[in-house]
Protein chains: 2
Amino acid sequence: MARMSAADRRSALIEAALRVVSREGLAQATTRAIVAEAGMSLASFHYAFESRDELVDELIGAVVARERKAVAPEELVAAAGEGATLAELVEAGLLRYFEHLRADPEHEQAMLELTQYALRSPERHPLAVAQYERYAELVVEALEAAAALTGARWRLPVEHVARVLVAFTDGLTITWLVDRDDAAAARVVAAAADALSRMADPR
Amino acid sequence: MARMSAADRRSALIEAALRVVSREGLAQATTRAIVAEAGMSLASFHYAFESRDELVDELIGAVVARERKAVAPEELVAAAGEGATLAELVEAGLLRYFEHLRADPEHEQAMLELTQYALRSPERHPLAVAQYERYAELVVEALEAAAALTGARWRLPVEHVARVLVAFTDGLTITWLVDRDDAAAARVVAAAADALSRMADPR
DNA sequence: GACGAACTGGGACAGTTGACCCAGTCGCCT
DNA sequence: AGGCGACTGGGTCAACTGTCCCAGTTCGTC
């Protein structure tokens, strides 16, 4: 392996770890599997990280930090049409997320596993909380943009609406990962969009 | 350890395994941890089961089979009041589930972990599918009873409605396990009940 | 009470895993 | 060019885990 700085090595290992976790699950993401994926020796691992636990913690932090807006509101308007209602916009956004899930199911499965892992120990629980706060944050932006675009007003604090949407999204994710039923997922999306849009007053 | 039949031993081990998984997670549910919980020796384990994998598969089957109606419709009527609407009944049912979740979060977390474990290997995927089919089945019964009690009629096949409700329930579960925010959970419940009840025509 | 089969306990073993150590090599700075 | 600190590779270790074996014990049946 070529020489690289400790910082580069850390991120290379984190990338490799994410690939291993996605492909084979967290339990199979041993130090050896990760360094093999990254093409390094075991010593490099412990040169860059104190322990496997430290890497997993960083991995969670990294995936959370990288989580990007799945939806740019402008695109949604393009997708949903010019005079789209709030419900239509929300539905278009959920469908966008669903496409993302279908394109890379293993990634979402990895996220779920990382959440569960974090939930298992008190000192890591905050990582899971941060992960979901990040989700909520992204959703808040989207919901505000959607309301602005349609002239609607959220009747509840938008953070509350976002939290509900995050829950719906999670349910959609798990159930689809289990049954891979696209039509059923579409019904969840429609119901969620309907419920969500009722939390706002139209313009 | 007293003598017991292989069948008794199998179920005792499965019970013990469920306790270990709930308390410490699937990864920590080693053969030794399980027999310690059951108060047996390691040899008894492999006398009763071919392998740890076999036990885990049986465990999934067992928890799925044991999954009982969380809600008896009559109780819900009592809880929601005599002239309750469909939406109120659905909400009462969801709240009943939520109380169950609050009373034993570790159990629901264990169920989630078992699902994810099953999702990870093709030959076990059907176990997860069966698990969710069982959930849907229970929900179907409840939804039909609720519709009958209020004289409402589901506009979609009730199986479709059930699948949506299962997804909402999962989302509620995960997000609450993460943030333990009861008020936020109540909002999810209300939104879900609203969305669901719109899938029916009132009497 | 004797007998065979069912059952049990303790120990053993090989494979895996996280961690680490040390001798060596490389790249940068002076 | 030389030196020093950063980095690397390979080997090693103890702990843990799943599995298995075997000598012994206990139970139901005759």
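The figures that follow rest on heavy atoms only: side chains count, while hydrogens, waters and symmetry mates do not. In what follows, chains carry the letters A, B, and so on, assigned in the order in which the sequence lines appear, proteins first and then strands, with residues in each chain numbered from 1.
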Nucleotide nearest [X] when distance is taken to its side chain, options [options]:
X: B:Ala43; options: C:dA12, C:dG18, D:dC21; answer: D:dC21
X: A:Thr30; options: D:dG9, C:dT17, D:dG18; answer: C:dT17
X: B:Ser51; options: D:dT12, D:dG9, D:dT19; answer: D:dT19
X: B:Leu42; options: D:dA6, D:dT19, D:dG10; answer: D:dT19
X: B:His46; options: D:dG18, D:dG9, C:dG18; answer: D:dG18

Take the protein atom [atom1] of [X] and the nucleotide atom [atom2] of [N], then report the distance between them rounded to whole Å.
X: A:Asp8; N: C:dC26; atom1: CG; atom2: C1'; result: 16 Å
X: A:Arg52; N: C:dT16; atom1: CZ; atom2: P; result: 16 Å
X: A:Tyr47; N: C:dC26; atom1: OH; atom2: P; result: 16 Å
X: A:Glu50; N: C:dA19; atom1: CD; atom2: P; result: 9 Å
X: B:Leu55; N: D:dT19; atom1: CG; atom2: P; result: 10 Å
X: B:Met40; N: D:dT26; atom1: CE; atom2: P; result: 18 Å
X: B:Arg32; N: C:dT16; atom1: CZ; atom2: P; result: 16 Å
X: B:Ile34; N: D:dT17; atom1: CD1; atom2: P; result: 11 Å

For a quick test of reading the model: is some side-chain N or O of A:Thr31 closer than 4.0 Å to OP1 or OP2 of C:dG18?
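Checking A:Thr31 against C:dG18: at least one side-chain N or O falls below 4.0 Å of OP1 or OP2.
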